[in-house]
Each structure stands twice: as C-alpha cells, then as structure tokens.
Amino acid sequence: MATVLTTAIDVCFNPQNSDTKKHSLFLKPSLLRQSRTRKLNISCSSLKQPKTLEEEPITTKTPSLSEQLKPLSATTLRQEQTQILSKPKSVWVNPTRPKRSVLSLQRQKRSAYSYNPQIKDLRAFAQKLNSSNFTEKSEFLSLLDEIPHPPDRDNALLVLNSLREWQKTHTFFNWVKSKNLFPMETIFYNVTMKSLRFGRQFQLIEEMALEMVKDGVELDNITYSTIITCAKRCNLYDKAIEWFERMYKTGLMPDEVTYSAILDVYSKLRKVEEVLSLYERAVATGWKPDAIAFSVLGKMFGEAGDYDGIRYVLQEMKSMDVKPNVVVYNTLLEAMGRAGKPGLARSLFNEMLEAGLTPNEKTLTALVKIYGKARWAKDALQLWEEMKAKKWPMDFILYNTLLNMCADIGLEEEAERLFNDMKESVQCKPDNFSYTAMLNIYGSGGKAEKAMKLFEEMLEAGVQVNVMGCTCLVQCLGKAKRIDDLVYVFDLSIQRGVKPDDRLCGCLLSVMALCESSEDAEKVMACLERANQKLVTFVNLIVDEKTEFETVKEEFKLVINATQVEARRPFCNCLIDICRGKKRHERAHELLYLGTLFGLYPGLHNKTIKEWSLDVRSLSVGAAETALEEWMRTLANIVKRQEDLPELFLAQTGTGTHRFSQGLANSFALHLQQLSAPFRQSDRAGIFVATKEDLVSWLESKFPPLVTSQA
DNA sequence: CTAGGGTTAG
C-alpha cells in the first residue's frame, strides 16, 4: 500500500523519483532485523509513470470517484511487491539531490469567527432542535422554519455547529443549501462532515465530498482529514488511502494532521514498514513530529509487540526534544505490556510521574493489567495504595481491570473491598464482568459457598451470566463435590442464554473425572450431553473395554479436531483421568499416545547428554501418572537392550502455584511413592530427581526380563 | 463533538 502512496506522492511532486537518501532509521537494530526477514518496501523507481492529471481530469468526470481512480490503481499503483523488491534500492543512496516535501510544514489556517449578536436566540433554537424527537424528516423541516433569525452565513454556521445528531446536521445543511442565500463554503461541509463522522456515515461523507468537487468548493486539509478518519473508523482503509492519494493528485499537500491520520491508517493495516517509510520521508524534509504522531508509532509497535520499536519511539522523541504527554505514555505503557516488559513499563511509569504528569484512568488500567498478568502482587498492591492515596481518577474499566488483577494474583479480600466500592458507587455499578471476576476469584480460591451466594445475587440483580462465570462456578462446585448445585448452576446458565464452549465442556469433563459415585458422574454427564453430545459418546466409547484401539484413534481424531485448540490438551487430560478412574489403565496409555501423536503434549520429553527429563507441568494428575509409567516402560526397554542412558533423570511437575496445577506435585510424589520409584524431591520445588544407578536397578526389579519377554 | 489527527478490559 505504501507503494501506492509513495507513487501518489511521486506523481505530483517528484516526477524524477530522485528525492530520497538512505536515512539513519534503516540502520536501527530493530529495523535491520526486520529488513533481514523482509526487505523494506521503500523503492519506487520501478513503477511505470502514471497518467498525468491532464489526461485524467478528476474534477469534471461524471462517474464515481472510485471508478475514476480505478484504472490508475488497478494498472499503475498495485504492482506486485516482488517486482519492486527485485530492483536495487539505488534511490536511497543519493545524498546530493534535494529532498522533496511530502507534507506542508504549516497547518491549515482556520477562518476567525466573528461575534454573532444573535448567539443566544440561535443557541436556544439549536437546543430545541437537538431535543426534538421526530420520526419523519418533514417534522424536523417544519421546525426549521421557526428559526428566529434569517439563516444567513453566520447564523447558519452557528446553528450547524450546535446540532448534535448527524441526521439533524445533515438535514439542516441541505435545508440551508437549498435556500441559496449564500454560497456554501468549505467550512459548512467540514462541520457537517464531522457530525456525519460521529454517526460513522462514510457514504454520506463521500457523497458530500463529491458534491464539493462537482460544485467547485475547495476541499482543504480539514475536509480530507475528516474523510480519512471517518473511513478509518468505518474500517474502510482502502477509501482512506484513496482519498489521501486524491489529495496529492489535486495538488494539495497534507499538513501534519492529515499526515498523522494517514500514518494511523497504515498502522491499523499493520503496514509497519510503510508507516516508517512515510515517517522518515516527512522527517527528512523538515517535519518535527508532535506527540500525536509518536503516539501513532507507539501504538503500532505495541500491537506488534515490538520492543525495539518502542525504544525507537522513545529515542526519536528524545532526540527531537518532544516531551511525551499522558496519551503517549499511556500508549507506550500499553505497548510495553504487549511486548512483555512489565519492568520497563514500571520504569516508564515512574519517569512519567517524575516528569510531573498525572496518570489518568487509562494509564492506571494499562499498568494494573500489566502487573496482574505478570503476577506482580507487590507492585500491583503498591500501585493500588498509591491510587487511593493520591486520589487518582478511577472509572468503570479500571475497577474491572483491578478485579481481574485480583483474580490473576488471588487477592480475595481486596477484590471484595473493590466490589463493594463498586456497588456503593453511582457511576461504576458492577456489571457481568465484575461478577465474573468475583466468581473467578472465589472459584479459584475454592470458596464454593461465597461463589454460590454471588451467583444468586447476580440472578436477582438481573445481571447477565456469561460462559466464563458459569465455567468458574462449575469448576469450583465440582471440586467441592457439590454436584447438585453444579447442575442447578448449569441449568440456570443455559436458561439465561449461556452458550457452552469447549472450556466449559472441559471443565465438566474434569468434574466427571473427579466424581466418586457413578450417580454424580451421571448427573455431570447429563449436563455435558446438553453441551457436547459427541464428547459424551466418545467417553462411553473409551471406557468400554471392547472398543478397539483403531476405533478410539479415529474417533479421537474427530473429537479433537472439532475442539478449539486451547481446549484440546485439557480434554485429553480429562479423558485420561476418566479412564484411570475407571481402572482402564491401558486405555489411558493409548490416549496419552494419541495426544502425543496429535501434538497435544509438545516438550513432554527432553533429552540432553547429561540428563533426560519428563515435563508434566501441563498434565492432569492422571495424565502425569500415565506419562510417568509410560516413561518407565520405555526406560526399562532401553535397559533391557543395554543402550546408553544419561547420569540423571528428572521429572518436573511445577510448583503448583498456578491454580490449575495445584496439587500435581503432591499427587505425583505420592504416585512415585506407591511405585517405590527412586525419584527424590530436589531442592527446587516441583522437580524430582533420580540417578541412573538407582533407576536402573529399580527398573530391573520392576520389569524383570522374563515377564516382559513374554509380552 | 462547537471545522481536522493519537490512548483503556473481558
């Protein structure tokens, strides 16, 4: 796309294609890295010379603008990237030629408003129009005739500026225009277009723009930036670019407002290289970008999770002596979060405070989210204390983000305090996500009683239950063996419109695996059947001893393929647990094998020369036991064949701090004990170690040659 | 929202 744009620039201002030189930007590490993987698309010399404006007069043609531009964009502008890349980048190495501007360093001038003595009457009239409800356009039009003063230029402009809904602004504009009292100037279009933009009426905006062209009304930078940002908000990026190109072709230079608007368009299209190319060209011709432009760049790098890019933005601002404002800091903080740099986010936040800026709701939301995801409980709590002490602004989103942070870190009391604050507030009443966060906290903390109470409260308050809240409750009630409550919650949730997803099914499946009585298991099974009939059929199939392995394999493939990727391993884990619960150990081994075969357990086995290890951190209790047994069988065979073994063997369960792996280390230790396997707890939590010597002698006793040779 | 550009959750 930048090729398109670069071309548009060149067509009008740079016919010789000789303006640019290699800029320091392309020597920056992050970009060099980028250019290694994908050549920068910055060359423009290979494009054919487009038709000149004389050949394609765009102001007088009758068909639509896009039709007019079509031949140009289809034939000349949309070259294959490979063609461009195949050309040497010679255009960039030409320091002697002067650089051509790609943007005007002066902003669009605005006309001054003069005092209107009728302001009071006209404001009142506009308010009346604003508060009127009408179903027919004619009703509104008849109201317009009550205008207290004649709709001359200044009066009309004042009213136009005071109207809110786009329908009213648009109708008023056309009404004034039809009176023919004065020629409609650019500002009338601009004001109306802005209102239309709030209503995301791109089509109407484009119609107005074409009307301007037809009537010979000048389109200025304000017009173009409004059109472009409206197209952007409507996700019509092609349109945004089309109008930007058109602007150049009519001989109008964008100023920095229009230019940063288009930078944002390319950024939203994730055209990082193009954005940088445009940025560089503008800077090379004397532009000093402002905070908004840097915010655009920062957001772009944030979305790419590109830490080097974020650093580059900070460096550029420093070298150009542009002080970041709160919005820039917010953007960069968010970006640091996405780039997985909580520590740097914290430093940046401190820098912001030292610069004397006050964080707003968005700043705090970004930071709380980062600390929560990083499980930095200390920093999160400290920030929270600071927020309260300094009375920094809070809003609804920040409250919910704080609640989610509490869920991430497991802060029950703090969450309860927050939740109560929300209930007592006027502005920030808890919504279904606030409730879900609380259910998550109670659920992962095993507080079944509190969770149930909250669920009832939610129902009474008429708060919509969502699938995540339902899942949290089901998990919690399942662990607490409150199966009747579980069924009640599930039924009600379905009644209230919850659509079960694979996570919820996985959760039901895991509860089924935990059920001690078949009566309970059947109740859970009945729930699961309503959510995922095929899964239940598969469960019945695998617990049936008579089912052949090949059948299991085929059905497994079908079930797993139909499951969302993130739920596949949990499914397989639960299925293994169910089989072990029903003493179908061999079936459990088959399922583990199938899971491995279909890539659900990458990195389960790890080998170095010195040690072999088994990483069961993402496995359920039953799956981990099965994996251990399988490993021992394999090792026994290796011993029998007298092949080489390393000195050390290691099994890794993780520390169990994560709520889903809680108890794995303990149950694994117990299983080792039952097998009297020679693994010992290491100094590091969640790691079990055995020496080659101990393990071999144990394997020889456990799997005597005679028995296995029979098998 | 008083003619134009940038930032927040699940």
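Here the structure is a predicted model, which is why all the values come from computation and not from measurement. Values below: all heavy atoms of this structure, side chains included; hydrogens, waters and symmetry mates excluded.
If you check every strand for non-hydrogen atoms under 4.0 Å, A/N466 touches nothing. Residue contacts shown for A/S111 include a base, since a base heavy atom lies under 4.0 Å away. Across all strands, A/N130 comes closer than 4.0 Å to no nucleic acid atom at all (heavy-atom distances). Using a 4.0 Å heavy-atom cutoff across all strands shown, A/V191 reaches sugar-phosphate atoms only and no base atom. Using a 4.0 Å heavy-atom distance criterion, A/V328 is classed as a base contact. Looking at heavy-atom distances under 4.0 Å, A/K268 makes contact with sugar-phosphate atoms alone, never a base. When heavy atoms are screened at a 4.0 angstrom cut-off, A/T363 is found touching no nucleic acid atom at all. Among the heavy atoms of the strands lying under 4.0 Å from A/N221 is at least one base atom, whether or not backbone atoms are also near. Nucleic acid contact for A/R197: sugar-phosphate only, since backbone atoms but no base atoms lie under 4.0 Å from a heavy atom of the residue.
Considering only side-chain atoms of A/E256, the nucleotide from B/dA3, B/dG5, B/dG10 that sits closest is B/dG5. Checking B/dG5, B/dA3, B/dA9 against the side-chain heavy atoms of A/S260 singles out B/dG5 as nearest. With distances taken from any side-chain atom of A/T331 to the nucleotides B/dT7, B/dA3, B/dG5, the minimum falls on B/dT7. Closest contact between the side chain of A/R123 and the listed nucleotides B/dA9, B/dG6, B/dT2 involves B/dT2. When distances are taken from the side chain of A/V327 to each of B/dG5, B/dA9, B/dT7, the shortest belongs to B/dT7. The side chain of A/I292 has B/dG6 as its nearest neighbour among B/dT2, B/dA3, B/dG6. For A/N404, the side-chain atoms get nearest to B/dG10 when compared with the rest of B/dG10, B/dG6, B/dG5. Checked against B/dA9, B/dG5, B/dT2, the side chain of A/K369 finds its nearest nucleotide in B/dA9. The side chain of A/F198 sits closest to B/dC1 out of B/dC1, B/dG5, B/dA3.
A close approach under 4.0 Å does occur between a side-chain nitrogen or oxygen of A/R233 and OP1 or OP2 of B/dG5. Checking the phosphate oxygens (OP1, OP2) of B/dT7, no side-chain nitrogen or oxygen of A/R338 falls inside 4.0 Å. Contact between the side-chain N/O atoms of A/K362 and the OP1/OP2 oxygens of B/dA9 is not found at any separation under 4.0 Å. The phosphate of B/dT8 has OP1 or OP2 within less than 4.0 Å of a side-chain N or O from A/K299.
When the C1' atom of B/dA9 is taken as reference, atom CG of A/L418 falls 14 Å away, rounded to whole Å. Protein atom CD1 of A/I370 is 11 Å distant from nucleotide atom P of B/dA9, rounded to whole Å. If you measure from atom CD1 of A/I397 to atom P of B/dT7, you get 13 Å, rounded to the nearest angstrom. Rounded to an integer number of Å, the gap from NE2 of A/H170 to P of B/dA3 is 19 Å. The CZ atom of A/R200 sits 14 Å away from the C1' atom of B/dC1 (whole-angstrom rounding). With rounding to whole Å, A/N400 atom CG is found 7 Å from B/dA9 atom C1'. One interatomic measurement links the two molecules: CD of A/E361 to P of B/dA9, which rounds to 14 Å at whole-angstrom precision. The nearest whole Å value for the distance from the CG atom in A/L367 to the C1' atom in B/dT8 is 12 Å.
Under the side-chain hydrogen bond (donor to acceptor under 3.5 Å, both in side chains) test applied with A/Y442, the options A/E416, A/K447, A/K450 reduce to a single match, A/E416.
The base of B/dG6 is not paired with the side chain of A/N330 by any donor and acceptor separated by under 3.5 Å. Between the side chain of A/T223 and the base of B/dA3 there is no donor-acceptor pair of N/O atoms closer than 3.5 Å. Put simply, the side chain of A/N161 and the base of B/dT2 share no donor and acceptor less than 3.5 Å apart. No N or O donor and acceptor, one from the side chain of A/N432 and one from the base of B/dG10, sit under 3.5 Å apart.
Under the 4.0 Å criterion applied to side-chain N and carboxylate O atoms, A/K299 and A/E334 are not assigned as salt-bridge partners.
Ring centroids of A/Y248 and A/Y224 are separated by 6.0 Å or more, keeping the two rings apart.
Judged by the 6.0 Å distance and 45° axis criteria, A/K388 is positioned over the aromatic ring of A/W384. For the pair A/K271 and A/Y266, the NZ or CZ position fails the cation-pi test of under 6.0 Å to the six-membered ring centre and within 45 degrees of the ring normal.
The P atoms of B/dG6 and B/dC1 are separated by 14 Å, rounded to the nearest whole Å.
When all heavy atoms of A/V326 and A/N360 are compared, the pair lying nearest together is CG1-ND2, 3.7 Å. Across all their heavy atoms, A/A240 and A/I228 have their closest contact at O-CG1, 3.7 Å.
Between A/I205 and A/M208, every side-chain heavy-atom pair lies at or beyond the 4.5 Å cut-off.
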